Each structure stands twice: as C-alpha cells, then as structure tokens.
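Here the structure is laid out as structure tokens; the discussion comes afterwards.
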Amino acid sequence: MPELPEVETVRSELAPWITGATIVRARRVDAPAGPKYAHLSRCEGALVRAVERRGKFLVLPLVGSVGDRDELVVHLGMTGVITPERPDSHVRVQLDLEGVEPKTLYFRDVRRFGRFLVAPDGDYSGLPTLKRMGPEPLGDGFGIDVFADRMRSRAPVKSHLLSQVPVAGLGNIYVDEVLWQVRVHPQTRACDVSRKKLAGMRDAIVSVLEAAVRARGTTLSDYRTVSGGTGGYGHALAAYGRHGQPCLRCETLLKRITVGQRSTHFCSRCQRRKKATS
DNA sequence: CTCCCGTCCTGTGGGC
DNA sequence: TGCCCACAGGACGGGA
C-alpha cells in the first residue's frame, strides 16, 4: 500500500537521521538470500550520501563502498516499515550505523513483499520497473507532452497507470482517486483517453499526490512513518474503499470491480466507460 | 515488444 | 462462538 506520499513521508523522516551515517554492518534477519536482498553486504563500510526517492523506491546513494556508485535500494512492498525501535517480530534487515543516533535501523516486513538490496554501480537491471519508470509527478519533467506520450497503451488506463511507466509513484489507492477526480472509467484503454482528459489527469495526479504528501500519506492498516505516526489522508478519500457509499458529486452508490486483478472503486455515473467505436 | 495473469506472503475479517 | 478461507496488493516473470 505505501505509494508515493507514504514513501516520501518515510524519506523525509529518514533523511535527517541517516544522511552522513556509515553503515558498519548490514545483516539479513529471517529473510532468504535472493534478489530481494541482493548484494546487501556491499554496503558495509559505505557512507550514506543522501536519502532519495524514485516513485515508491527509496534510493540511498553510497560512497566508500566496493563501488563508489553503489546504491542501497529499498521498496516497502505492502507492509515494509523502517524503524529505529527493535520490532518484536518480522525483522528482515538490521543495519548498524556509525556517526548518527540512534545507531540501529530495522527493516520490518510482515508479508515479505519488500526489497532491501544494493544495486552495484546504480545498475537497475534486476529492477525493471525502476528502470522503465516515468517522471516524478512532483518534480520537473512531468509535462503534458511527456505524459501523453507515455500513455500510449492499449491496456486499461488503470492498469497502465499502475505500471509506473506514464508517471512514477501511483498505486491502487491514488489511481482510483485520480480517475474519480477526472471522471474516467478505469477500464478505458489508455490510448482512448483524449488529450484534454489527459491534461486534466496530469493536473489531478499532481494535486492528489501533493495533498496526500501534506497529510503525510494514507494509513489503512500497516503503514507507519519512521517515527511511528500514521497518515492523515484517509479522510479525504473519495473513491477508494467507498464502494456502496454515495458518490460525493452525484450521490450514486460507488461500485467495486476488478481491473487487472486489483480491486477498483468508481462511480458508474460520473465515470462513463468510453463506448467502443467500429 | 506488448499485454495478461499467476505468484509471492501472512494477518485480518467476513461469513457460515 | 469458533473456525476457515478469501482477500489485500507491488513488482516481476512466464507465456501467449
């Protein structure tokens, strides 16, 4: 569930804590060796130069590591939490730090969907989504021309937005919110959305994510900030989880369907499916 | 290459 | 009341 606003909140709390820290030891705990924890030992002895974010990935550039362009890449998956307080269970990684306080960082991940790995020389070959990721919605480079170009796909608009290719950072919750905002049916083919609608969609992506970042994200169940806090955007949700409740625009009861194996919430009156022509 | 679907994983909660 | 199973979902890889 952590999407851009949740990951950005974690990033902003993590940065002042561990920027400048040296990683003395990186230990896998109750987690199998494998691609999700690849090359973890390479970060031992390295200094954390910054805490950045690409979409839903945290990216920590390292210096003084085996390779000077190594990056520590973290994805919270569904249930990943980074905390200085030792969790009572489901710890996957323990980092021992030097030069900062507190000196220990824990990665807890109940469902094991998360990743915590080192990308040697910043090579994302084992991370295809990161490699193909679209522009940051809250940065420069998310213009309508780039967005429209990246939206050329015959896949349902919802599925395509979830692919991270048109824009970075959207997940199931905020995609439903954006599509409700701009009144686009989630099963419309991405390439069938008009340029005008795409312009509105681009603006809605920015405004929804900005508001959610301000609220420090949405907490549905597991998500917690580094300091243990919860996000406040849940009260602002107009579509996600509101099936059976009245649309905030037209009072029609919202529906829940499945699109691309994902639960999808929308208003069948406001969000009309574009009729196939032929 | 593109698109679709299965898989991973485990706690929760809804239904009987 | 208690048990069981379906569900939640991001990324990835395999198959068509």
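A note on names: the letters A, B, ... follow the listed sequences, proteins ahead of strands, and every chain is numbered from 1. Given the structure is predicted, the values throughout are model-derived calculations rather than measurements. All values below come from the heavy atoms of this structure, side chains included, with hydrogens, waters and symmetry mates left out.
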> Distance check: side-chain N/O of A:Ser263 vs OP1/OP2 of C:dG9, anything under 4.0 Å?
Replying inline: yes
> Can you say whether the rings of A:Phe116 and A:Phe107 are parallel (under 30°), tilted (30 to 60°) or perpendicular (over 60°)?
Replying inline: tilted
> Contact class for A:Ser159 (heavy atom, under 4.0 Å): base, sugar-phosphate, or nothing?
Replying inline: nothing
> Starting at CG of A:Leu127 and ending at P of C:dG10, how long is that distance when rounded to a whole Å?
Replying inline: 17 Å
> Within this structure, what is the NZ-to-P distance between A:Lys36 and C:dA11, rounded to whole angstrom?
Replying inline: 12 Å
> To the nearest Å, how far apart are A:His90 NE2 and B:dT12 C1'?
Replying inline: 13 Å
>> Rounded to whole Å, please give me the gap between CE in A:Met78 and C1' in B:dT7.
In response: 15 Å
> Rounded to the Å, how far apart are A:Asn172 CG and C:dA8 P?
Replying inline: 9 Å
>> Nearest whole Å is fine: how far is C:dC12 P from A:His75 NE2?
In response: 8 Å
>> It should be established whether A:Thr129 places a side-chain nitrogen or oxygen under 4.0 Å from OP1 or OP2 of nucleotide C:dG10.
In response: no
> Would you say A:Gln261 reaches B:dG6's phosphate, i.e. side-chain N/O to OP1/OP2 under 4.0 Å?
Replying inline: yes
>> Once you apply a heavy-atom cut-off of 4.0 Å, does A:Arg262 come out as touching a base, just sugar-phosphate, or nothing?
In response: base
> To the nearest angstrom, how far is A:Arg115 atom CZ from C:dG10 atom C1'?
Replying inline: 8 Å
>> Within this structure, what is the OG-NE2 distance for the pair A:Ser263 and A:His243, rounded to the nearest 0.5 Å?
In response: 8.0 Å
> For A:Arg256, which contact category applies under a 4.0 Å heavy-atom criterion: base, sugar-phosphate, or nothing?
Replying inline: sugar-phosphate
> Separation of A:Glu6 atom CD from C:dG10 atom C1', in whole Å?
Replying inline: 13 Å
>> Counting the atoms with a prime plus P, OP1 and OP2 as sugar-phosphate, which does A:Pro156 contact under 4.0 Å by heavy atoms, base, sugar-phosphate, or nothing?
In response: sugar-phosphate
> For A:Thr79 and A:Arg108, what are the C-alpha separation, side-chain angles and deciding distance, and is it a side-chain hydrogen bond (donor to acceptor under 3.5 Å, both in side chains)?
Replying inline: CA-CA 8 Å; A:Thr79 54; A:Arg108 177 175 197 253; over 6 Å; no
>> Please tell me whether A:Tyr174 and A:Tyr233 form a close aromatic pair, meaning their ring centres lie under 6.0 Å apart.
In response: yes
>> Consider side chain to side chain donor-acceptor pair (under 3.5 Å). Of A:Arg262, A:Glu3, A:Lys158, which one does A:Asn172 pass it with?
In response: A:Lys158
